[in-house]
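Because only heavy atoms are used, hydrogens play no part in the values below, and waters and symmetry mates are left out as well, while side chains stay in.
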Amino acid sequence: MSNMAPDIHGNGAAEKTPSMENMDVADDGDDGDVKMKKRVTLMNGVAIIVGTIIGSGIFVSPVGVLVNCGSVGLSVIVWAVCGVVTIIGALCFAELGTCIPKSGGDYIYVLEAFGDAFEGCAGRCSGAGAQKFCRHIGRLMAFLCLWINLLIIRPTTQAIVALTFANYIVKPFFPTCDGPDAAIRLLAVLCLVTLTFINCASVRAATRVQDIFTVAKVLALVLIIICGFVQIGKGEAEYLKPDKAFEGTISDVGRIAVGFYSGLFAYGGWNYLNFVTEELQNPYVNLPRAIIIGLSLVTVVYVLTNVAYFTVLSPAQMLVAPAVAVTFGDQLLGVMSWIIPVSVALSCFGGVNGSLFTSGRLFFVGAREGHLPDVMAMIHTRSLSPVPALIFTCTLSVIMLVSDDIFVLINYVSYIWYLWFGIATVGMIMLRFRRPDLPRPYKVPFALPVIFLLVCIFLVVFSFVQIPYECLFGTIIMLSGIPFYMVGVYWENKPKWLTNFLESITKYCQLSLSIIPMR
């Protein structure tokens, strides 16, 4: 899986083909450089963060916090605290993203921090094999982060959100029952394929789609919030009154911890902008800004949306509602209640787009670092999009739609998000000491990574205590990447027939997809 990809003309320097004559080149590179352009603006960055965090959960089932807190007041406080903790973690990643200005998110941060961290260990080993293995430990860690994202996290997440989109887009046609399962799955496939085509055709079109659908979902939530404030103004917010707000509060610390756990996962996607750092305009300024703006907006919207729900629905009604926002809309919006299921569908559509956009960059970077086949590290000659990586992640997501077990799979690996966030944060702390002279255009107080690391440790340990078997299966799935690493990366002297075969596939893909290595 070496990152030295063959040129379609069979020589070291690529000749200019007619299709290359008019293609885009990097804004900030030398003439003739072929690389992804810095087309992601501050607004696009905010849209990626907001659009990927706000999916269907806040509309459909924001009850994981409530059921474990017991009262309206405590659940609102937990939502706010989860937002603050997420902002702390995102600010830590802002420092990592500005001192390691590469796309790839936590994968590339683990690789940069731990890739050579075991060189000293290699020097103390006597055998050549042991020395080689020690040098690969850090790279293997990064590969496992990439592997679990490639195999489970990204494709299952995208498939689940696409299914939710399909369910709610047909909801107006089947108001009293579920839509046909086959039709829903086909619509989910259509969603994935359409968005993959847009992402392959134009980076700008993909970011515009993200902007439009992010604005749409935020406006839908603003409508819910306004309706809630109208209810408060009319004096009908019974469950928000001081004597009722904390009624039924659960005092069990373990239950509250579960609610905190649920709340933090509702903010999932806060790190997605770090997967496209190389395409972000002025990342040293815009990455921290986008994170602060985006996560502040999400936190405020999440808290106020939950407050709005409680102006109409009792805690008991929220816990049994199949879709909280839909029930809310039915009671307040009357004939316009169709707006809510359509808004859920639009929210999911934008969420799938943001996930596909960032997944393509993650797998592209993995191939560029030699951890995936060379063809995945190539970009289209005109759109400069990582077309092979996008097609790959779309294909995996479509395959997941065939299975009825995708919800089970995502439960197996839910704790792994914070496992790698924690490892990346350890890497950040290590870099403060190992490479103190590394430029840090944005630097957070040392207390913040320590706080966030403690939160990550709590979430990982708590997951193993609460769902040990699921976590064990998730760990086995992640470690299944080790033999693939040994064959694809660790094994360097591959037979000539195998390398020739792989090169022939790469050349065929270059010719058929009109892709070339980035340089």
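Looking at heavy atoms from C-beta onward, Val426 lies in side-chain contact with Phe114 at the 4.5 angstrom threshold. Contact of the Met378 side chain with the Ile516 side chain is not registered, since no non-hydrogen atoms from C-beta on lie closer than 4.5 Å. In this structure the side chain of Leu372 reaches within 4.5 angstrom of the side chain of Leu150, judged on heavy atoms. No side-chain heavy atom of Leu448 sits less than 4.5 Å from a side-chain heavy atom of Glu95.
A donor-acceptor contact shorter than 3.5 Å is absent between the side chain of Thr207 and the backbone of Val40. Judged purely by atom type and a 3.5 angstrom limit, Trp497 has no side-chain atom pairing as donor or acceptor with the backbone of Thr499. Checking side-chain atoms of Thr393 against main-chain N and O of Ala389 turns up no donor-acceptor pair under 3.5 Å. Side-chain atoms of Thr86 come within 3.5 Å of backbone N or O of Cys82 as a donor-acceptor pair.
Pairs passing the side-chain hydrogen bond (donor to acceptor under 3.5 Å, both in side chains) check and including a residue from residues 453-468, sequence neighbours excluded, read Tyr261-Ser463. Residue pairs meeting the side-chain hydrogen bond (donor to acceptor under 3.5 Å, both in side chains) criterion with at least one member in residues 188-198, sequence neighbours excluded, do not occur. Residue pairs meeting the salt bridge (charged side-chain N to carboxylate O under 4.0 Å, His left out) criterion with at least one partner in residues 264-285, sequence neighbours excluded, are Glu278-Arg368, Glu279-Arg361. Screening residues 97-106 for side-chain hydrogen bond (donor to acceptor under 3.5 Å, both in side chains), with sequence neighbours left out, gives Lys102-Glu112, Asp106-Asn271.
With sequence neighbours excluded, no residue satisfies side-chain hydrogen bond (donor to acceptor under 3.5 Å, both in side chains) with Thr395. Checked against side-chain contact (heavy atoms from CB on, under 4.5 Å), Pro439 has no partners two or more places apart in sequence or in another chain. Listed by chain and number, the residues in a side-chain contact (heavy atoms from CB on, under 4.5 Å) with Ser347 are Ile54, Phe59, Lys217 (sequence neighbours excluded). For Ser202, the side-chain contact (heavy atoms from CB on, under 4.5 Å) partners at least two apart in sequence or on another chain are Arg204, Ala205. Phe349 meets the ring pair (Phe, Tyr, Trp, His ring centres under 6.0 Å) test with Phe165, Phe213; sequence neighbours excluded. With sequence neighbours left out, Leu438 forms a side-chain contact (heavy atoms from CB on, under 4.5 Å) with Cys99, Arg435, Arg440. Residues that satisfy the ring pair (Phe, Tyr, Trp, His ring centres under 6.0 Å) test with Phe392, not counting sequence neighbours, are Phe363. Applying the salt bridge (charged side-chain N to carboxylate O under 4.0 Å, His left out) test to Arg154 and every residue at least two apart in sequence or in another chain returns nothing.
Heavy atoms only, all atoms of each residue included: Met400 and Ala159 are closest at CB-CB, 3.9 Å. Residues Ser397 and Leu192 share a closest heavy-atom pair of CB-CD1, 3.8 Å. Minimum heavy-atom separation, Lys494 to Val487: CE-O, 3.3 Å. In terms of heavy-atom proximity, Ser480 sits nearest to Leu151 at OG-CD2, 4.3 Å. Of all heavy-atom pairs spanning Ser383 and Cys200, the tightest one is OG-O, 2.8 Å. Between Ala142 and Tyr107 the shortest heavy-atom distance is O-CD1, 3.1 Å.
Interatomic distance, Ile515 CD1 to His380 NE2, rounded to the nearest 0.5 Å: 8.5 Å. One finds the CD1 atom of Ile169 at 6.5 Å from the CG atom of Leu346 (value rounded to the nearest 0.5 Å). Atoms CG and CD, on Leu111 and Glu369 in that order, are 5.0 Å from each other to the nearest 0.5 Å. Rounding to the nearest 0.5 Å gives a distance of 13.0 Å between NE2 of His371 and CE of Met376. Remark: Leu513 CG to Ile379 CD1 distance equals 13.0 Å, nearest 0.5 Å. To the nearest 0.5 Å, atom OG1 of residue Thr277 and atom CG of residue Asn274 are 5.0 Å apart.
Ring to ring, Tyr272 and Phe357 are not that close: their centroids are 6.0 angstrom or more apart. Between Phe421 and Phe93, the ring center distance clears the sub-6.0 Å criterion.
Between Asn44 and Thr41, the side chains place a donor N or O and an acceptor N or O closer than 3.5 Å (distance only, hydrogens not considered). For the 3.5 Å distance criterion, the side chains of Thr475 and Tyr415 qualify, holding a donor opposite an acceptor.
Within a 6.0 Å radius of CZ in Phe473, other residues, nucleotides and ligands contribute 12 heavy atoms or fewer. More than 12 heavy-atom neighbours from other residues, nucleotides or ligands sit within 6.0 angstrom of CZ on Arg432.
Using a 30° and 60° split on the angle between ring planes, Phe265 and Trp417 fall in the tilted class, from 30° to 60°. Note: Phe446 and Phe433 have perpendicular aromatic rings, judged against thresholds of 30 and 60 degrees for the angle between ring planes. A tilted orientation is assigned to the rings of Phe458 and Phe260, their planes being inclined by 30° to 60°.
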Problem set entry | Residue pair Phe452, Met428: steps toward the side-chain contact (heavy atoms from CB on, under 4.5 Å) verdict | CA-CA 11 Å; Phe452 187 63; Met428 172 186 172; over 6 Å; no
Problem set entry | Pair Leu144-Leu479, side-chain contact (heavy atoms from CB on, under 4.5 Å): steps then yes or no | CA-CA 7 Å; Leu144 292 177; Leu479 296 180; 4.1 Å; yes
Exercise. How far apart are the C-alpha atoms of Met486 and Ile482, what are their side-chain angles, what is the distance that settles it, and do they pass the side-chain contact (heavy atoms from CB on, under 4.5 Å) test?
Worked result: CA-CA 6 Å; Met486 301 304 287; Ile482 294 177; 4.2 Å; yes
